[in-house]
Structures are given as C-alpha cells and as structure tokens.
Amino acid sequence: MYEISVEQEFEAAHYLRGYRGKCEKMHGHHFRVVARLMAGKLDRVGIAYDFTRLREELGQILARFDHTCLNEVSPFDKINPTSENIASTVYGELKTVIKGSGVALASVQVWESPRSCVTYFLDED
C-alpha cells in the first residue's frame with residue numbers, strides 16, 4: 001500500500017460563534033492543509049497518484065478560502081469555521097474530486113498553528 005501526501009497553505013481570518021474565549025473575536029491563521037491518499041497499485045509509469053495533480057486539486061478547493069473571512073464563505077457562513085469543520089469540508093470535496101481514480105482519500109489534516117492540528121478521516125467500519 002502506498003500513501004501519497006501533499007500540503008497546501010492559505011491565509012484566512014475567522015471567529016467562532018458561541019465560543020467563550022479569545023477565539024470568539026476575529027483573528028487570523030496561516031492554515032496548512034495536508035491531504036493523504038492511499039493506493040494499492042501503481043500506474044504504468046510507476047506512480048500511485050500524480051503529486052502535481054493532487055496539489056492542483058487541493059489548491060482549487062482551498063483557493064476560495066484564501067485571504068477571506070471564513071465566516072463569510074460557504075459552508076462556514078452556516079457552520080463554525082473550526083479546524084475540525086475545515087478538515088471535514090475539504091475531505092468531502094476532495095473525495096468527490098478523486099472519485100473513480102483508483103485511490104482512496106485517507107485523511108485531511110488542518111494545522112492552524114505550528115503546534116495545533118486536527119486530522120479528519122472517515123471511519124468506514
């Protein structure tokens with residue numbers, strides 16, 4: 001089994017509705033997003049999934065978040081733009097993009113600081 005990982009970054013502001021503490025006020029992050037795919041076989045060239053393709057696909061998903069107030073961007077205009085919700089949103093969108101490619105989306109990890117991250121993966125048991 002092969003695990004393929006790429007990482008992209010974006011800058012955004014957000015605030016957490018209903019949260020009591022500093023994060024209820026607007027603040028910004030330099031988000032880092034890591035997408036991991038799993039593949040059981042290689043193509044005729046010897047590649048499980050093209051890094052360039054995966055970076056582009058992830059980048060297209062994240063582009064709408066970059067340099068925004070996440071609270072104003074769907075779906076975060078309705079749900080809190082927590083790292084957890086960002087990870088599950090990106091996971092769902094990326095899973096749709098790679099559907100039928102012969103690889104599985106293993107996880108999406110969102111770092112909101114150098115020491116704080118969340119990893120979302122679908123438990124299909």
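In this text the structure is predicted, and so the values were computed from the model without any measurement.
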* Test E7 against E9 for side-chain contact (heavy atoms from CB on, under 4.5 Å), laying out the working first. => CA-CA 7 Å; E7 152 179 341; E9 298 172 345; 4.2 Å; yes
(request) Take F65 and F76, measure what ring-ring contact (aromatic ring centres under 6.0 Å, His included) needs, and give me the verdict at the end. (result) CA-CA 10 Å; F65 304 143; F76 308 116; 5.6 Å; yes
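Side-chain atoms of D43 come within 3.5 Å of backbone atoms of V45 as a donor-acceptor pair (strictly under, hydrogens ignored). In this structure a side-chain-to-backbone donor-acceptor pair under 3.5 Å is missing from H14 to L70.
Tracing side-chain contacts under 4.5 Å through hydrophobic residues (I, L, V, M, F, W, Y), one never reaches I47 starting from I4; they form parts of separate clusters. One hydrophobic cluster holds both L62 and V73 under the rule that ILVMFWY side chains link at heavy-atom gaps under 4.5 Å. No path of Ile, Leu, Val, Met, Phe, Trp and Tyr side chains, each step under 4.5 Å between heavy atoms, connects I86 with Y19, placing them in separate hydrophobic clusters. Connection of V97 to F10 is established within a shared hydrophobic cluster, with ILVMFWY side chains joined at heavy-atom distances below 4.5 Å, either directly or through further cluster members. A single hydrophobic cluster is seen to contain both F31 and I61, as judged by linkage of ILVMFWY side chains at heavy-atom distances under 4.5 Å, directly or through other members.
Applying the side chain to side chain contact (heavy atoms under 4.5 Å, CB included) test between V108 and each of T89, V34, V118, V33 identifies V33 as the sole match.
The distance from the OG1 atom of T119 to the CH2 atom of W111 is 8.0 Å, given to the nearest 0.5 Å. The distance from atom OG of S5 to atom CE of M38, rounded to the nearest 0.5 Å, is 9.5 Å. In this structure, CD on E84 lies 11.0 Å from CD1 on I79, to the nearest 0.5 angstrom. For the atom pair CG (L122) and OG (S107), the distance works out to 11.5 Å, reported to the nearest 0.5 Å. Residue H29 holds its NE2 atom at 4.0 Å from CD of E112, rounded to the nearest 0.5 Å. Between the CG atom in L54 and the CD atom in Q8 there is a gap of 8.5 Å [rounded to 0.5 Å].
By the 4.5 Å side-chain criterion applied to Ile, Leu, Val, Met, Phe, Trp and Tyr, M26 is assigned to a cluster that also includes Y15.
When all heavy atoms are compared, the tightest approach of D66 to E11 is OD1-N, 2.9 Å. Residues A48 and Y2 approach most closely at CB-CB, 4.2 Å, considering heavy atoms. Listed here is the closest heavy atom pair of M1 and A39: SD-O, 3.2 Å. In this structure, C117 and Q109 approach most closely via the heavy-atom pair SG-NE2, 3.8 Å. Here the closest heavy-atom approach between residue A106 and residue F121 is recorded as O-CB, 3.1 Å. K95 approaches L105 most closely through the heavy-atom pair N-CD2, 3.7 Å.
Contact annotation: the side chain of R17 approaches that of P81 to within less than 4.5 Å [non-hydrogen atoms, C-beta and beyond]. Annotation: side chain of V110 is not in contact with side chain of V90 (no heavy-atom distance under 4.5 Å).
S101 is linked by a side chain to side chain contact (heavy atoms under 4.5 Å, CB included) to Y49, R53, I98, V103, counting only residues two or more places apart in sequence or in another chain.
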